[in-house]
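Notes follow the structure.
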Amino acid sequence: LAIGEGLGPIMNDSSCGQCHSTPAIGGGSTTFVTRFGKSAQGGMPFDPLAYLGGSLRQDESIDPAIFEVVPPEADVTANRLTPISCGAGLLEAIDDNDIVDNANLVHAFVNGFVRMAAPVEGGPARPGRFGWKGGVSSVLTFSADASVNELGLTNRFFGTESAPNGDLALLALWDNVADPEDGPDIEGYDRIDRQTDFQRLLAAPPQTPRSGMAGEAVFDSIGCGACHLTPGYTTGSGALSILDGQTIKPYSDFLLHDMGTLGDRIVDGPATQQIMQSRALWGLSQRASFLHDGRATGSTFFGNVDLAIMEHDGEAAFSRTNWTNLGATQQNQLVAFLGSLGRAEFDWDVNNRVDEFDWFFLEPLMTGPGAAARPNPRSPRR
């Protein structure tokens, strides 16, 4: 997207693919956006500081003169990691009642609740299933909202860009493209419609082996499956009939949970400071950083998983304790299972390509002597 097409004047990048890029366009990345606000105090509620450009800080601008900063009034800042969009259409097609029913499941320590969100395209509110706080219920809403907030591209649902640190005079001075900046192409589709179709048709992340692994039972036994549900879903009637009746395993209940110290301290509707939505874990092995702010990073896959689990708090504290009580064999089984989420068959290095590099590592497991490929490795994977 170019400046003359409506980019900016403040934005986080120039295209969706700049951030949703790993392992391919539509995936995630280690890119962050910043949220800020003023914490609740003295009887006053959390203030997103919207009049100063909050709660989202745009990291780039079309000119240094309007570069946005976190204002000194903010005493809360939080990084948000770019999530994957793969399988978005399938998540959208999950039957609303299935998510509502998740809130009625009985667990000793877990008490999640549904966040209802109205799609911008109209219709009744539906259970949210996108966003770290679960505030988005449709792919078109996600596309329209991200276009205006991440690119500065106004559209038929959001007709005004964010002003640099809330300064409307600066916005008027630097916004030189008539709103809405997104309009129909020669075939009658807006840019946000094209983005929506692309995301809806992105395949779900792979899982290998498809038959599952022993670590999934360990995952359930320590309580992880209470929020990151293992049974999966059969999609209902969605925006595209081709996505109906599909069996998927995203590993999330799509409910909001009290995560204690793991909360991001940002308030978004009913999702208060400590409240976050359970993330879908499919595609996990394709990520280099875990958790909403990517704090679990810089180690091996096993190490990053360990870091992420140890940061879990609130309703997930009991799972953290159970993880520390596991023996090395069970921990390795659980991590191997998580490593299968996002791994395509024969894709040794999990880069979404099967090539000669993968064969270099796989050949010894298939030709011997004495070696064999097994779904559950016997040696520790620390």
Side-chain angles (χ1 to χ4, degrees), residues 1 5-8 10-13 15-17 19-20 26 33 35 48 50 53-56 58 80 82-97 99-100 114-163 171 175 177-185 187-202 235-241 243 254-256 266-271 275 277 280:
L1 186 67
E5 296 174 309
L7 179 67
I10 54 174
M11 65 281 186
N12 279 317
D13 222 310
S15 76
C16 304
C19 295
H20 295 277
V33 298
R35 294 279 179 175
S55 66
L56 177 66
Q58 280 77 17
R80 297 275 182 84
T82 303
I84 63 171
S85 293
C86 299
L90 292 164
L91 299 185
E92 182 183 45
I94 294 173
D95 191 284
D96 293 353
N97 291 326
I99 297 178
V100 172
V114 177
R115 179 176 182 179
M116 302 299 290
V120 294
E121 61 266 33
R126 305 181 63 205
R129 55 206 76 193
F130 304 109
W132 288 104
K133 296 280 192 175
V136 178
S137 61
S138 76
V139 181
L140 181 55
T141 299
F142 177 83
S143 295
D145 179 85
S147 289
V148 72
N149 284 305
E150 312 298 343
L151 303 177
L153 183 71
T154 54
N155 52 74
R156 64 182 186 272
F157 298 114
F158 299 99
T160 304
E161 298 97 330
S162 297
L171 176 61
D175 179 24
V177 181
D179 299 321
E181 295 154 340
D182 182 22
D185 57 23
E187 294 180 326
Y189 294 96
D190 290 357
R191 186 186 183 97
I192 59 171
D193 298 318
R194 299 291 192 184
Q195 292 168 178
T196 297
D197 287 344
F198 175 76
Q199 291 180 96
R200 279 180 174 152
L201 291 170
L202 283 171
T235 59
S237 180
L240 298 174
S241 60
L243 302 178
F254 301 100
L255 302 180
L256 299 187
I266 300 293
V267 175
D268 180 6
I275 303 296
Q277 187 183 64

Legend entry - Listed once per pair and sorted, the salt bridge (Lys or Arg N to Asp or Glu O under 4.0 Å) pairs that draw on residues 131-147, sequence neighbours left out: Lys133-Asp264

Which heavy-atom pair separates [X] from [Y] by the least distance, and what is that distance?
X: Ser143; Y: Thr196; result: OG-OG1, 3.1 Å
X: Ser162; Y: Asn149; result: OG-OD1, 3.7 Å
X: Arg115; Y: Ala271; result: NH1-CB, 4.2 Å
X: Thr235; Y: Leu243; result: OG1-O, 2.6 Å
X: Ala144; Y: Phe157; result: CB-CD1, 3.9 Å
X: Ser147; Y: Ile192; result: OG-CG2, 3.5 Å

Between atom [atom1] of [X] and atom [atom2] of [Y], what is the distance when rounded to the nearest 0.5 Å?
X: Glu5; Y: Leu153; atom1: CD; atom2: CG; result: 9.0 Å
X: Gln199; Y: Leu140; atom1: CD; atom2: CG; result: 10.0 Å
X: Asp182; Y: Asp190; atom1: CG; atom2: CG; result: 4.5 Å
X: Arg35; Y: Arg80; atom1: CZ; atom2: CZ; result: 5.5 Å
X: Asn12; Y: Glu150; atom1: CG; atom2: CD; result: 4.5 Å
X: Glu181; Y: Asn155; atom1: CD; atom2: CG; result: 9.0 Å

Legend entry - pair Phe130-Gln277: side-chain heavy atoms closer than 4.5 Å: no

Legend entry - Aromatic plane relationship, His20 with Phe142 - under 30° parallel, 30 to 60° tilted, over 60° perpendicular: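 Ring orientation of Phe142 relative to His20: perpendicular.
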
Inset, instruction - With side-chain contact (heavy atoms from CB on, under 4.5 Å) as the test, would you mind laying out the steps for Leu1 and Arg191 before giving the verdict? - result: CA-CA 10 Å; Leu1 186 67; Arg191 186 186 183 97; 3.8 Å; yes

Inset, instruction - Applying side-chain contact (heavy atoms from CB on, under 4.5 Å), run through Leu201 and Leu240 and close with a yes or a no. - result: CA-CA 9 Å; Leu201 291 170; Leu240 298 174; 3.7 Å; yes

Inset, instruction - Would you please name every residue forming a side chain to side chain contact (heavy atoms under 4.5 Å, CB included) with Pro127, sequence neighbours left out? - result: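 Listed in chain order: Asp96, Ile99, Val100, Val114, Met116, Arg129.
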
Legend entry - Residues that Glu121 engages under side-chain hydrogen bond (donor to acceptor under 3.5 Å, both in side chains), provided they are two or more places apart: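 In terms of side-chain hydrogen bond (donor to acceptor under 3.5 Å, both in side chains), with neighbours along the sequence ignored, Glu121 is linked to Ser138, Thr141.
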
Inset, instruction - Taking only Lys NZ, Arg NE, NH1 and NH2, and the carboxylate oxygens of Asp or Glu, determine whether Asp185 and Arg194 approach each other closer than 4.0 Å. - result: yes

Inset, instruction - Run the numbers on Glu161 and Asp179 for side-chain contact (heavy atoms from CB on, under 4.5 Å), then give the verdict. - result: CA-CA 9 Å; Glu161 298 97 330; Asp179 299 321; 3.6 Å; yes

Inset, instruction - Given side-chain contact (heavy atoms from CB on, under 4.5 Å), test Asp197 with Val139 step by step and report yes or no. - result: CA-CA 9 Å; Asp197 287 344; Val139 181; over 6 Å; no

